[in-house]
Protein chains: 2
Amino acid sequence: MGNNEVGRDPALVQSVDRAVTVLELLARNGEAGITEIAAELGVHKSSASRLVYTLQARELVEQDGERGPFRIGLGMLRFAGAVSGPIDYVRVGGPVCVDLADRLGETVNIAVLDGDVALNVSQARGGSAVAAQNWVGQRTPLHATSSGKVLLAAASAAEQDRLLGGELEACAPRTITDPSRLRRVLRRTAEDGFATCMEELEAGLHAVAVPVFGSGGDVVAAISAAGPAYRLSSARMPEIVEELRVASRDLSARMGHAVA
Amino acid sequence: MGNNEVGRDPALVQSVDRAVTVLELLARNGEAGITEIAAELGVHKSSASRLVYTLQARELVEQDGERGPFRIGLGMLRFAGAVSGPIDYVRVGGPVCVDLADRLGETVNIAVLDGDVALNVSQARGGSAVAAQNWVGQRTPLHATSSGKVLLAAASAAEQDRLLGGELEACAPRTITDPSRLRRVLRRTAEDGFATCMEELEAGLHAVAVPVFGSGGDVVAAISAAGPAYRLSSARMPEIVEELRVASRDLSARMGHAVA
DNA sequence: GGATACCGTTGCGCAATGGGCAACAACGAG
DNA sequence: CTCGTTGTTGCCCATTGCGCAACGGTATCC
């Protein structure tokens, strides 16, 4: 969805708003050409070309060769290093995710609670990963993800009421949208020490997550493995849960040191 | 230096160019207010306010409380995760830098060769660090930094000629600007297996770096420690060099695994 | 080899946007 | 309580950003 005139905040600087949308498109898709960017923004190709030229001049976008597609540039590292908060997860969580993704052959993510959603802060793709999706920096719904359920299950009853107060969006046919049913699932998650997500975010996708504990015993993050339903079968869950728990303890240990 | 009309590329989209400058200011200084941003950009406060409002709406900037200063926002993580190339150093190098910074009490950086400059890809500040400067994503001159010298020393003679072909900028009074003298320094760097930088980038700043080797024995990065001249004395260099070498081997081992 | 289609760039003119000004609200210091 | 500073916002206008048309370059097809 580009910068549709309907619903646009007039206080925004339109050109800047568009430039950010360009960056989001490149981050989401990995790469894109001018024509695609123009279509996404709903502007003329010449407008898209100028926006990209500006971002390229400032090194936030770079081009593959002379005529190739565009993608996020190295200049972005200047800002990544400046992000406060869960940036430590990006630094420290990376190797943990890489190790686990290698062993499981599935995509591994770390997410933290950010307001009303789960924010993905680190990711490593497994060798068998077919999708090239990058979740880092993206927010996912708490009720429709395994990480989200882990984070919800660790919240107080009052906090759960607040987080689940709104209508639960049906992200996929199998999404749990009944608050009562979801609360039962969360109670079981707290008992089991892990949460699953069987085609609840999108069809064909399974995931399982476990909590990451802080020094005070509280849950500060969730670490998950995701993959196609045919590979992440129920039979395989106990093994994956155990590997996630090992990785979670490793991460806690490293985070404990990192935030000293 | 804000967006001075003199020397500005007219093909750039000015608003976007300014917005990027806002982000660079926030990344460099950690935080800033509207008045400071306006001064840096050379625009009116209302203009700065609108640019920041737009970046805030897109989550690239966030505010500390209701009236506090502004800083880089979590939304930036979406793009950081999409950066290709040396992003692995950001993930894997982080813990190595943090460990070493803790032990040395100085700021530790990892840099790679990027065109004609050294690109800083990971950093951790030591406990004794007085400056809050964030180097990640920033480019520094090869001839005036310890990391740069390490990367230069590992290059072939032909490559060194190319990299040193232009005029060597005097970044500080003690910068080596004579190419012949620099080549002698680089030969000694190759022999010693480390490079120093004694107030050559800026007055009062000392640094020392060692190479990070790839699986083929080539130099793929440099890891350095930096601090004020009074703390990074010559007497202390042998200890620091040894610690850097241990960290370098650790990093090589981790990188070897990560790029599998 | 020529024709066609597509992509990305650039000069130009114009309308919409971005920006400065003034006024205001809020907060902190004295 | 007063004053100074910071940040916000309505309004108006000049400048900028944008669309159009034309062009060059590349790849594909016949």
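In the text below, chain A, chain B and the rest are named by the order of the sequence lines, each starting its count at 1.
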Q: Quick one: closest heavy-atom pair of A:V16 and B:S15, and the distance?
A: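 Where A:V16 meets B:S15 most closely, the heavy atoms are CG2-O, 3.5 Å.
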
Q: Excluding sequence neighbours, so at least two apart, what forms side chain to side chain contact (heavy atoms under 4.5 Å, CB included) with B:A170?
A: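 Result, side chain to side chain contact (heavy atoms under 4.5 Å, CB included) vs B:A170: B:T177.
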
Q: Side chain to side chain contact (heavy atoms under 4.5 Å, CB included) with A:V212: which of A:V219, A:V220, A:V150?
A: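 That would be A:V220; it is the only one of A:V219, A:V220, A:V150 passing the side chain to side chain contact (heavy atoms under 4.5 Å, CB included) with A:V212.
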
Q: Show each protein N/O and nucleotides 3-7 of chain D N/O combination with a separation under 3.5 Å, one pair to a line.
A:
from, atom 1, to, atom 2, distance (Å)
D:dG7, OP1, B:I34, N, 3.3
D:dG7, OP2, B:I34, N, 2.9
D:dG7, OP2, B:T35, N, 2.7
D:dG7, OP2, B:T35, OG1, 2.9
D:dG7, N7, B:K45, NZ, 2.9

Q: Tell me: CG of B:L12 to C1' of D:dT15, nearest whole Å?
A: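 These atoms are roughly 16 Å apart.
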
Q: Round to a whole Å and report the spacing from CD of B:Q56 to P of D:dT8.
A: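 After rounding, the reported distance stands at 8 Å.
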
Q: CG of B:D9 versus C1' of D:dT16: gap in Å, rounded?
A: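 Atom CG in B:D9 sits about 14 Å away from atom C1' in D:dT16.
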
Q: Run the salt bridge (Lys or Arg N to Asp or Glu O under 4.0 Å) test against B:E169 and tell me which residues pass, sequence neighbours left out.
A: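 Checked B:E169 against salt bridge (Lys or Arg N to Asp or Glu O under 4.0 Å); zero matches.
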
Q: Look up atom OG1 in A:T21 and atom CG in A:L41, then write down how far apart they are to the nearest 0.5 Å.
A: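 Here the interatomic distance stands at 6.0 Å.
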
Q: Please report, rounded to the nearest Å, how far the C1' atom of D:dC18 is from the CZ atom of A:R18.
A: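 Answer to the nearest Å: 8 Å.
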
Q: Measure the distance from CG on B:D17 to P on D:dT15 and round it to the nearest whole Å.
A: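 Atom-to-atom, B:D17 to D:dT15, this comes out as 19 Å.
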
Q: Assess whether one donor atom and one acceptor atom, taken from the side chain of A:S46 and the base of D:dG19, lie less than 3.5 Å apart.
A: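 Pair found.
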
Q: Any donor and acceptor pair, going by atom type alone, linking the side chain of B:E31 with main-chain N or O of B:R71 inside 3.5 Å?
A: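 Side chain of B:E31 to backbone of B:R71, a donor-acceptor pair under 3.5 Å: no, none is there.
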
Q: A:H44 has an atom NE2; how far is it from atom P of D:dA22, in whole Å?
A: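 After rounding, the reported distance stands at 12 Å.
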
Q: Under the 3.5 angstrom rule, does the side chain of B:R50 hit a backbone N or O of A:V13 as a donor-acceptor pair?
A: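 No, the answer is negative, given that no donor and acceptor are paired below the 3.5 Å cut-off.
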
Q: Output all residues satisfying salt bridge (Lys or Arg N to Asp or Glu O under 4.0 Å) with B:E36, sequence neighbours left out; order by chain, then residue number.
A: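 With neighbours one apart ignored, the set is empty.
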
Q: Quick check for you: among C:dG19, D:dC18, D:dG19, whose closest atom lies nearest to any side-chain atom of A:Q14?
A: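 Selected nucleotide: D:dC18.
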
Q: Give me the bend of the helix from C:dG1-D:dC30 to C:dG30-D:dC1, using the axes of the five pairs at each end, rounded to 10°.
A: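 Between the first-five-pair axis and the last-five-pair axis there is 50°.
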
Q: When the distance from CG of A:L51 to P of C:dT17 is rounded to whole Å, what number comes out?
A: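 Going from A:L51 (CG) to C:dT17 (P), I get 14 Å.
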
Q: Has the side chain of B:S47 got a donor or acceptor that lies under 3.5 Å from a partner of the other kind on the base of C:dG18?
A: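 By the distance-only test, no, there is no pair.
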
Q: Any side-chain N or O of B:S15 under 4.0 Å from OP1/OP2 of D:dG17?
A: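 So the side chain of B:S15 is within the cut-off, an N or O lying under 4.0 Å from OP1 or OP2 of D:dG17.
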
Q: Return the set of residues passing side chain to side chain donor-acceptor pair (under 3.5 Å) with B:S46 (not counting sequence neighbours), or none when no residue passes.
A: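 Partners of B:S46 by the side chain to side chain donor-acceptor pair (under 3.5 Å) criterion, ordered by chain and then number, come out as B:H44.
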
Q: Reckon A:R50 has a side-chain N or O less than 4.0 Å from the OP1 or OP2 of C:dG8?
A: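 No.
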
